[in-house]
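Data block below; observations after.
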Amino acid sequence: QVQLVESGGGLVQAGSSLRLLCTASGLTFNDHVMGWFRQAPGKEREFVAGLTWNGNTTNYSASVQGRSTIWRNKNSVSLNMHNLVPEDTAIYYCAASWSSRTDVRERPSEYAYWGQGTQVTVSS
């Protein structure tokens, strides 16, 4: 039973930073790419950042490039976001890819397991 649980969301002010944490259980971490996605009301779910367990490779969307960092620590994956802007407001989801994936994927369909999400609201 794979379970992904996100934490760290909340209401923050623009210009501040936050750290999102995804804790995984029931998962062989080296067999999966891990990713963070976000979805705002009325919009498609979009890729934010991804991490390969085997290759130690990271990838970021253009909207967060340069102000975000994703890393793995044992059974968890974290996302640090800096200089937050109101456009970052969304529900943030942690996801684990299908087991055959070895490089970072940006399509939601490439991910087999999802957390329930954590709300991030950035006020101006």
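None of these values were measured; they are calculated from a predicted model.
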Point to revise | ILVMFWY network linking Ile91 to Trp114, side-chain heavy atoms under 4.5 angstrom | key: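 Looking at the clustering, Trp114 is in the same group as Ile91.
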Check your understanding: Shared ILVMFWY cluster between Tyr60 and Val33, side chains joined below 4.5 angstrom?
Key -> no
Hey, are the side chains of [X] and [Y] touching, using non-hydrogen atoms and a 4.5 Å cut-off?
X	Y	answer
Asn75	Thr23	yes
Glu6	Tyr92	no
Val122	Met81	no
Val104	Thr58	no
Val120	Leu20	yes
Arg67	Asp88	yes

Revision key, fill the gap. Taking every heavy atom of Cys22 against every heavy atom of Trp36, the minimum-distance pair comes out as CB-CZ2, 3.5 Å
Point to revise | Nearest atoms (heavy-atom pairs only) where Ser124 meets Pro86 | key: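 What the structure gives for the nearest pair is CB-CG, 4.1 Å.
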**Study point:** Flag if over 12 foreign heavy atoms under 6.0 Å of CH2, Trp71
**Key:**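 Yes, CH2 of Trp71 has more than 12 neighbouring heavy atoms, counting only those of other groups under 6.0 Å.
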**Study point:** Crowding at CD, Gln119 (>12 non-hydrogen neighbours, <6.0 Å)
**Key:** yes
Exercise for review: Verify the ring-centre separation between Phe37 and Tyr111: is it less than 6.0 angstrom?
Suggested key: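 Yes, the ring centres sit under 6.0 Å apart.
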Practice item. Tell me, with the steps shown, if Ser61 and Arg38 meet side-chain hydrogen bond (donor to acceptor under 3.5 Å, both in side chains). Key: CA-CA 11 Å; Ser61 68; Arg38 66 186 183 187; 5.5 Å; no
Check your understanding: Hey, what do you get for CG (Leu18) to CG (Asn80), rounding to the nearest 0.5 Å?
Key -> 8.0 Å
